[in-house]
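Every value quoted in this text rests on a predicted model; they were computed, and no experiment measured them. Index from 1, following the sequence. No hydrogens, no waters, no symmetry mates; every other heavy atom, side chains included, goes into these values.
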Amino acid sequence: MVKSNRENEIKLAFPSPETAVRRLLDAGAREIHARAFEDNTLFDFAQRPLTTSGRLLRLREFGGAALLTFKVPVLGEHRHKVKIEHETAVADPEALRAILLALGFEVVYRYQKYRAIYALHEVVASLDETPLGTFGELEGAPDDVDRAAAALGSRPSEFIRATYRELQELDAAARGVVAGDTLLFPPGRPDSAA
């Protein structure tokens, strides 16, 4: 099954997963997918034509399923992150990975998180626990996203439009280190996946 649509989303930072869950439930959210480990791999060619143009080709493995996603930015000024998204289920992620590599793609970035998904009125609210911290991702129609953010106690000045890679680069720059091409949980973390 292929899904194509206009994606409109923001991220919100939370001090902890517990705080985020409490705010979501207090705002009337209901869980639609329990917390599960997620592993994401981004692909591009050697000259990085996708990355430099803001496009993304991602293989996501989450809760026993895999998805291939291609995103293209929507030009113009937007208060949220807006992209056109094409997505399809993948039956065999290892076979797809081998095909992409054989076609000349390279793995350019890999990131992990734990994600739980909630329905908050008309918005899909994903709770992401990452090596950088806890974030809520709100996706839906622009006005619905704004209302959901307000219900969670957030103002437009707190909206984050950056990707996790961009957040990692900002964090690394603030600490004076190189960001690298992975955002992975450290080995030995009690709830980390291998």
Side-chain angles (χ1 to χ4, degrees), residues 7-24 35-63 67 69-74 77-83 85 97 105-118 124-139 145 148-150 152-194:
E7 175 189 67
N8 183 85
E9 68 180 28
I10 60 165
K11 290 181 183 67
L12 302 171
F14 291 97
S16 70
E18 296 78 18
T19 300
V21 168
R22 187 172 58 252
R23 287 194 195 167
L24 282 163
R35 180 181 185 268
F37 179 72
E38 183 180 295
D39 200 359
N40 298 273
T41 305
L42 304 187
F43 294 88
D44 203 344
F45 293 109
Q47 301 303 314
R48 306 297 187 259
L50 300 179
T51 304
T52 57
S53 65
R55 295 175 293 166
L56 173 145
L57 181 63
R58 178 185 65 210
L59 176 60
R60 169 172 284 170
E61 296 175 71
F62 172 64
L67 295 170
T69 305
F70 180 64
K71 295 186 182 189
V72 179
V74 174
E77 198 58 37
H78 305 280
R79 67 183 185 266
H80 305 138
K81 182 171 74 172
V82 182
K83 296 201 175 201
E85 177 181 84
R97 190 182 321 273
F105 284 95
E106 300 175 356
V107 173
V108 295
Y109 188 64
R110 183 172 165 221
Y111 64 103
Q112 299 173 336
K113 57 188 171 182
Y114 286 87
R115 171 171 273 192
I117 303 174
Y118 295 80
V124 174
S126 299
L127 172 56
D128 291 342
E129 299 168 51
T130 79
L132 291 173
T134 303
F135 298 89
E137 194 172 87
L138 304 179
E139 183 177 344
V145 167
L152 293 172
S154 297
R155 299 179 305 279
S157 62
E158 298 170 298
F159 293 1
I160 300 169
R161 295 187 298 179
T163 65
Y164 285 117
R165 183 174 197 162
E166 291 165 339
L167 290 173
Q168 180 184 8
E169 290 168 353
L170 290 170
D171 176 70
R175 294 184 297 117
V177 299
V178 177
D181 57 4
T182 61
L183 180 61
L184 308 178
F185 290 108
R189 178 182 156 152
D191 60 352
S192 66

Exercise. Hey, does Leu42 have a side-chain heavy atom less than 4.5 Å from the side chain of Val107?
Worked result: no
For this session: Look up atom OG1 in Thr69 and atom CG in Leu59, then write down how far apart they are to the nearest 0.5 Å.
Result: 8.5 Å
Problem set entry | Leu67 side chain near Phe62 side chain, heavy-atom distance below 4.5 Å | no
Seminar exercise, completed: Interatomic distance, OG1@Thr163 vs CZ@Arg58, rounded to 0.5 Å, equals 10.5 Å
Exercise. Under 3.5 Å, is there a donor-acceptor pair between the side chain of Gln168 and the main chain of Thr182?
Worked result: yes
Exercise. Under a 4.5 Å cut-off applied to non-hydrogen side-chain atoms, are Leu50 and Leu56 in contact?
Worked result: no
Problem set entry | Check: Thr52 side chain, Arg48 main-chain N or O, donor-acceptor pair, under 3.5 Å | yes
For this session: Give a yes-or-no answer on whether the side chains of Arg55 and Ser53 include a donor-acceptor pair shorter than 3.5 Å.
Result: yes
Exercise. When rounded to the nearest 0.5 angstrom, what distance separates OG in Ser16 from CZ in Arg22?
Worked result: 6.5 Å
Problem set entry | Residue pair Arg161, Arg79: steps toward the side chain to side chain contact (heavy atoms under 4.5 Å, CB included) verdict | CA-CA 8 Å; Arg161 295 187 298 179; Arg79 67 183 185 266; 5.6 Å; no
Exercise. Does Phe43 reach the side chain of Glu106, with side-chain heavy atoms less than 4.5 Å apart?
Worked result: no
Problem set entry | Within 45° cone and under 6.0 Å: Lys11 NZ/CZ vs Tyr164 ring | yes
Problem set entry | side chain to side chain contact (heavy atoms under 4.5 Å, CB included) between Arg165 and Leu183, worked out | CA-CA 8 Å; Arg165 183 174 197 162; Leu183 180 61; over 6 Å; no
For this session: Kindly indicate whether the side chain of Asp181, heavy atoms from C-beta on, has any atom under 4.5 Å from the side chain of Val108.
Result: no
For this session: Indicate the atoms forming the closest heavy-atom contact of Gly54 with Pro73, along with that distance.
Result: O-CD, 3.3 Å
Exercise. Is the closest side-chain heavy-atom distance between Glu139 and Glu7 below 4.5 Å?
Worked result: yes
Exercise. Under the 3.5 angstrom rule, does the side chain of Gln112 hit a backbone N or O of Leu184 as a donor-acceptor pair?
Worked result: no
Seminar exercise, completed: The side chain to side chain donor-acceptor pair (under 3.5 Å) partner of Lys113 among Thr134, Thr130, Asn40, Asp128 is Asp128
Problem set entry | Note, Arg35 side chain near Arg115 side chain (heavy atom, < 4.5 Å) | no
Seminar exercise, completed: Nearest heavy-atom contact between Arg60 and Tyr111 is NH2-OH, 3.6 Å
Exercise. For Leu167 and Ile160, what are the C-alpha separation, side-chain angles and deciding distance, and is it a side chain to side chain contact (heavy atoms under 4.5 Å, CB included)?
Worked result: CA-CA 9 Å; Leu167 290 173; Ile160 300 169; 4.0 Å; yes
Seminar exercise, completed: All heavy atoms of Pro17 vs all of Leu127, minimum pair found to be O-CD2, 4.1 Å
Exercise. What pair of heavy atoms forms the shortest contact from Ala125 to Leu24, and how long is it?
Worked result: CB-CD2, 3.8 Å
Problem set entry | N/O donor-acceptor pair under 3.5 Å between Asp44 side chain and Thr51 backbone | yes
For this session: Tell me whether the centres of the aromatic rings in Phe135 and Phe14 are closer together than 6.0 Å.
Result: no
Problem set entry | Exercise: identify the closest heavy-atom pair between Leu12 and Glu158 | CD2-O, 4.0 Å
Exercise. Would you say the side chain of Glu18 lies within less than 4.5 Å of the side chain of Val21, judging by non-hydrogen atoms?
Worked result: no
